[in-house]
Amino acid sequence: MSEPDLREKLRAAARQEQFLEVVGRDEATARFHGHLKLEPVGTENVSLAESLGRVIARDVVAAVDVPGFDRSGVDGFAVRSADTIGALEERPRVLTLNAEVLTPGRAPEVTVEPGTATLIATGGMVPRGADAVVMVEHTDVIDDAGAAVRVEFHRAAAPGQFIAYAASDIARGETVLRAGHLVTSREIGVLAAVGIDAVEVCRRPRVAVLSTGDEIVAPGSPLPPGKVYDSNGAIVAAAVRELGGEPVELGIRPDDEAALIAAVAEGLACDMVILSGGTSKGAGDLCYRVISRFSDPGIVVHGVALKPGKPLCLAVTGGKPLVVLPGFPTSAIFTFHEFVAPVIRAFAGLPPERREAIPATLPIRLTSERGRTEYSMVSLVRTDEGLAAYPLAKGSGSVTAFSHADGFVAIPQHQESVEAGTAVSVQTIGRGVEPADLVAIGSHCVGLDHLLGEMQRRGQSVKVLNVGSMGGLTAAKRGECDLAPVHLMDPATGRYNEPFLAPGLSLIPGYRRLQGIVFRKGDPRFEGLDGGQALAAVAGLPDCLMINRNPGSGTRILTDRLLGGAKPPGYQGQAKSHNAVAAAVAQGRADWGVAISTVAADYGLGFLPLQPEHYDFIIPTSRLDRPPVRAFIDLLAEPETGRWLEERGFSV
Ligand SMILES: Nc1nc2c(c(=O)[nH]1)N[C@H]1C(S)=C(S)[C@@H](COP(=O)(O)OP(=O)(O)OC[C@H]3O[C@@H](n4cnc5c(N)ncnc54)[C@H](O)[C@@H]3O)O[C@H]1N2
Ligand code: MOO
């Protein structure tokens, strides 16, 4: 980059387009809603079949009775019930058969006079005079040549027996569906029953969805270094559809003011425009500036005292909402659901969402930033004492924090932490909380992913929380999981996992993963050496950068042991997973690190074996006999599992 270019970028970055005024959540909602008409954007007539998934716009009143006539519920004889009083098997009543057969759809012509009966089928119209139907099973026909056909009745009939009276299901003039009702197959059945073939539904609000940023790439394209797939566009468009709207996907626009103004103007042909990214303070954050071009009234909120979601920008122009969601995926979708979804629902004719808050206990301490109400996404697991709410502490930049969450816990603006063991209220997201058959909390491994995938294929639902080996051990001690996958080396003895067992915990041996040095293939500083030689060599190479692991991780303990107190360049770096180590080496941010062989292979890296580590399963002993746990232990022992693990570079 040329010197003038650099200076220009720096000036832009330092310009600090301030948030207008950071406001609280209620204030933000009030300002936004104050400029909007929260009602359906319009209605349209659609055919009955097309009404599936739509919202009824106007109360639907039945124009006919259902059933439309007094209808027989059985195959038998229509009678006057009084004629059957006292009928018994051994003393039947005998009635004369009328010369009419009432099949469904046939209007009766003959009145059932006293002493007579008419043959009627299920669904037939009950004739005048009759007030009951007797099942054919409880009758006998007397067919003497020359005489009128007579019928013997072996049972008395109560008045009204087996007759569904006209309008007993739906009465003409009755409201069968109310405005705001979502049409499912069941509603379609009701509409059809009252003869409706077209229905007035709310028009789906059209919502333009736009992702911004030079770094954003559409899924399906190759991903150059430093670029990011557009997940916001996809999740927002799908959420719009879920809420009864029609997304109009405008795709991705670069950080270019003119292009963005044109895109927003195009989007304003819809009922609402939603952008994401570029609303904070970065050098390329121009959405705020773009939106400020639009008036009547224009921006009403820029900055909310929430985490995630601070840079949210809410505007209204000509009655249409114009929203910039923060770029970070969890911030984007969280603020979408908090501020935008209620507006889409109203535009789509849907009533406000009913939300559920359920009590749970926080198993670990949560810290929070002062000054903003912080919403921590949590995953719920069942324990003997109720639900435990595990924070999915991946931050606003994560996609999975929101997508994997069962709900969230709010930490008030002025609180800095919530202690472990605190009772919290969890606001659930979307679906209800379904307890999984098997809960695994601990260290992640692709081998375990395979095993759990197999469990799922066999019909057992699984839930996995990757919190590291230590976190898994603690969860097992507290009875929060069925299994804790761990690889903890005792620094004193070099033994794995077993030294960490506590009373009430059992150890099920898993498999071994080969730990070693990962490096870029062809690097002459490593090629041809063995692990030990490489470790000795790097200590003396000042330009050979290491990427280290976080203290407390099994790999860090091993690395420290093998380095014997040496601290090669890069020792202070702290990647949190095998994959993060491999990515740093593959991308040249570091030259070497310690990771497992399977991950080295996935990243196309060179690998110098150091030693195997034991990846085992700690299981609360009280849960050993749970059928899903037994099934998991059995699966581990299957020869096919062993073969799969060996193929992937693990040893059993
Ligand atoms: N100096 C400050 N920096 C930041 C502040 C601040 O107050 N001062 N606020 C932080 C907060 S809080 C958030 S949230 C983010 C939001 O920033 P922007 O809304 O401007 O978003 P970008 O910078 O464009 O992107 C952030 C992040 O998200 C990725 N991204 C963007 N669009 C998409 C997409 N469509 N799909 C997937 N991922 C996307 C983008 O690549 C960035 O990694 O700012 C903090 N910074
Ligand atoms: O508001 Mo940002 O969403 O804290 O990360």
Side-chain angles (χ1 to χ4, degrees), residues 9-10 12-25 28 208-221 223-240 247 249-257 260 263 274-291 299 301-315 323-339 367-377 392-403 405 408 410-411 413:
K9 290 256 187 257
L10 191 59
R15 216 167 15 234
Q16 293 264 344
E17 310 244 4
Q18 293 298 337
F19 298 119
L20 281 184
E21 168 201 7
V22 176
V23 298
R25 169 211 177 89
V209 181
L210 187 64
S211 297
T212 73
D214 290 341
E215 80 283 22
I216 308 299
V217 173
S221 326
L223 191 69
K227 307 278 180 177
V228 177
Y229 281 126
D230 179 15
S231 61
N232 291 349
I235 192 170
V236 169
V240 164
E249 296 183 58
L250 297 184
I252 302 160
R253 299 299 147 101
D255 293 317
D256 174 274
E257 202 163 336
L260 284 171
I274 303 177
L275 291 79
S276 68
T279 171
S280 191
K281 298 185 173 185
D285 291 344
L286 1 120
C287 283
Y288 165 73
R289 233 180 314 151
V290 167
I291 302 305
I299 295 174
V301 174
H302 184 214
V304 284
L306 306 184
K307 185 178 182 172
K310 182 178 170 193
L312 176 71
C313 179
L314 300 171
V323 173
V324 191
L325 303 173
F328 277 149
T330 282
S331 310
I333 198 61
F334 182 78
T335 48
F336 172 89
H337 281 288
E338 293 302 298
F339 295 95
T367 54
S368 164
E369 186 182 313
R370 245 176 197 274
R372 293 202 268 168
T373 304
E374 186 159 336
Y375 296 86
S376 179
M377 304 300 137
L392 294 164
K394 289 192 173 181
S396 310
S398 144
V399 188
T400 55
F402 188 87
S403 298
F408 55 82
I411 308 167
Q413 206 169 351

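Predicted, not measured: the structure shown is a model, and the values here were computed from it. Positions are given from 1, in the same order as the sequence printed here. Order of listing sets the numbers, starting from 1, for every ligand and every atom in it. Computed over heavy atoms, backbone and side chain alike; hydrogens, waters and symmetry mates excluded.
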Practice problem: Identify, with sequence neighbours excluded, every residue that meets side chain to side chain contact (heavy atoms under 4.5 Å, CB included) alongside Ile235. | Solution: Ile333, Ser403

Exercise. Using the test side chain to side chain contact (heavy atoms under 4.5 Å, CB included), find all partners of Val228 that sit at least two apart in sequence or belong to another chain.
Key: Glu215, Ile216

Quiz item: Considering only heavy atoms of Pro311, which atoms of ligand 2 have at least one such atom less than 4.0 Å away?
Solution: 1 (O)

Quiz prompt | Any Ser396 heavy atom less than 4.0 Å from ligand 1 | solution = no

Quiz item: Which atom names give the shortest non-hydrogen contact between Ser396 and Ser331, and what distance separates them?
Solution: CB-OG, 3.0 Å

Quiz item: Among the heavy atoms of Arg372, does any lie under 4.0 Å from an atom of ligand 2?
Solution: yes

Quiz item: Which atoms of ligand 1 sit under 4.0 Å from any heavy atom of Tyr229?
Solution: 36 (N), 37 (C)

Quiz item: Roughly how far, to the nearest 0.5 Å, is CG of Leu275 from SG of Cys313?
Solution: 9.0 Å

Exercise. Number the atoms of ligand 2 from 1 as they appear, then name those within less than 4.0 Å of a heavy atom of Lys310, with their elements.
Key: 1 (O)

Practice problem: Output yes when the distance from some N or O of ligand 2 to some N or O of Gly309 is under 3.5 Å, and no in every other case. | Solution: yes

Practice problem: With the side chain counted from C-beta on, respond yes when Leu312 and Pro326 share a heavy-atom pair under 4.5 Å apart, and no when they do not. | Solution: yes

Quiz item: Among Val290, Asn232, Val324, Leu260, which one satisfies side chain to side chain contact (heavy atoms under 4.5 Å, CB included) with Thr212?
Solution: Leu260

Quiz item: Looking only at heavy atoms, which two atoms of Leu306 and Arg25 are closest? And how far apart?
Solution: CD2-CB, 3.8 Å

Practice problem: Give the atoms of ligand 1, by number and element, whose distance to some non-hydrogen atom of Ser211 is under 4.0 Å. | Solution: 35 (N)

Quiz item: Which of the atoms in ligand 1, numbered in the order shown and given with their element, are less than 4.0 Å from a heavy-atom of Asp230?
Solution: 34 (C), 35 (N), 36 (N)

Quiz item: How far apart are the closest heavy atoms of Ile291 and Ala315, and which atoms are they?
Solution: CG2-CB, 3.6 Å

Quiz item: Between Ile216 and ligand 1, is there a nitrogen or oxygen pair with a distance under 3.5 Å?
Solution: no

Quiz item: Of the backbone atoms (N, CA, C, O) and the side-chain heavy atoms from C-beta on, which set of Asn232 has a member under 4.0 Å from an atom of ligand 1: side chain, backbone, both, or neither?
Solution: both

Self-check item: For Val228, the ligand 1 atoms whose distance to one of its heavy atoms is below 4.0 Å
Solution: 37 (C), 38 (N), 41 (O)

Quiz item: Would you say the side chain of Phe336 lies within less than 4.5 Å of the side chain of Val240, judging by non-hydrogen atoms?
Solution: yes

Practice problem: Run the contact test for Gly278 against ligand 1 with a 4.0 Å cut-off on heavy atoms, strictly below, and give the result. | Solution: yes

Quiz item: Do any N/O atoms on Arg372 end up under 3.5 angstrom from N/O atoms on ligand 1?
Solution: no

Quiz item: With a 4.0 Å cut-off on heavy atoms, does Gly397 reach ligand 1?
Solution: no

Quiz item: Of all the heavy atoms in Gly397, does at least one lie under 4.0 Å from an atom in ligand 2?
Solution: no

Exercise. Below 4.0 angstrom from a heavy atom of Lys307, which ligand 2 atoms are there? Numbered from 1 as shown, please.
Key: 4 (O)

Exercise. Have a look at ligand 2 and work out which part of Pro326, if any, has a heavy atom under 4.0 Å from it: side chain, backbone, both or neither.
Key: neither

Self-check item: Side-chain touch Tyr375/Glu338, heavy atoms, less than 4.5 angstrom
Solution: no

Practice problem: Check ligand 2 against Pro308 and write out every atom of the ligand that is under 4.0 Å from a heavy-atom position of the residue. | Solution: 1 (O), 3 (O), 4 (O)

Self-check item: Heteroatom proximity flag, Gly233 to ligand 1, N/O under 3.5 Å
Solution: no

Exercise. With heavy atoms under 4.0 Å as the rule, classify the contact between Ser231 and ligand 1 as side chain, backbone, both or neither.
Key: both

Exercise. Would you indicate whether the side-chain heavy atoms of Thr400 and Leu392 approach each other to under 4.5 Å?
Key: no

Quiz item: Tell me, do Tyr288 and Ile299 make a side-chain contact under 4.5 Å, heavy atoms counted?
Solution: yes

Quiz item: What heavy-atom pair brings Phe334 and Pro308 nearest, and what distance separates the two atoms?
Solution: CD2-O, 3.7 Å

Quiz item: For ligand 2, which atoms sit closer than 4.0 Å to a heavy atom of Phe328?
Solution: 5 (O)

Quiz item: Which ligand 2 atoms does Ser331 reach within 4.0 Å, using its non-hydrogen atoms?
Solution: 2 (Mo), 3 (O), 5 (O)

Self-check item: Check against side-chain contact (heavy atoms from CB on, under 4.5 Å), Phe339 and Val323
Solution: CA-CA 9 Å; Phe339 295 95; Val323 173; over 6 Å; no

Quiz item: Does some non-hydrogen atom of Pro308 fall short of 4.0 Å from ligand 1?
Solution: no

Quiz item: With a cut-off of 4.0 Å, which atoms of ligand 2 are near a heavy atom of Ser396?
Solution: 2 (Mo), 3 (O), 4 (O), 5 (O)

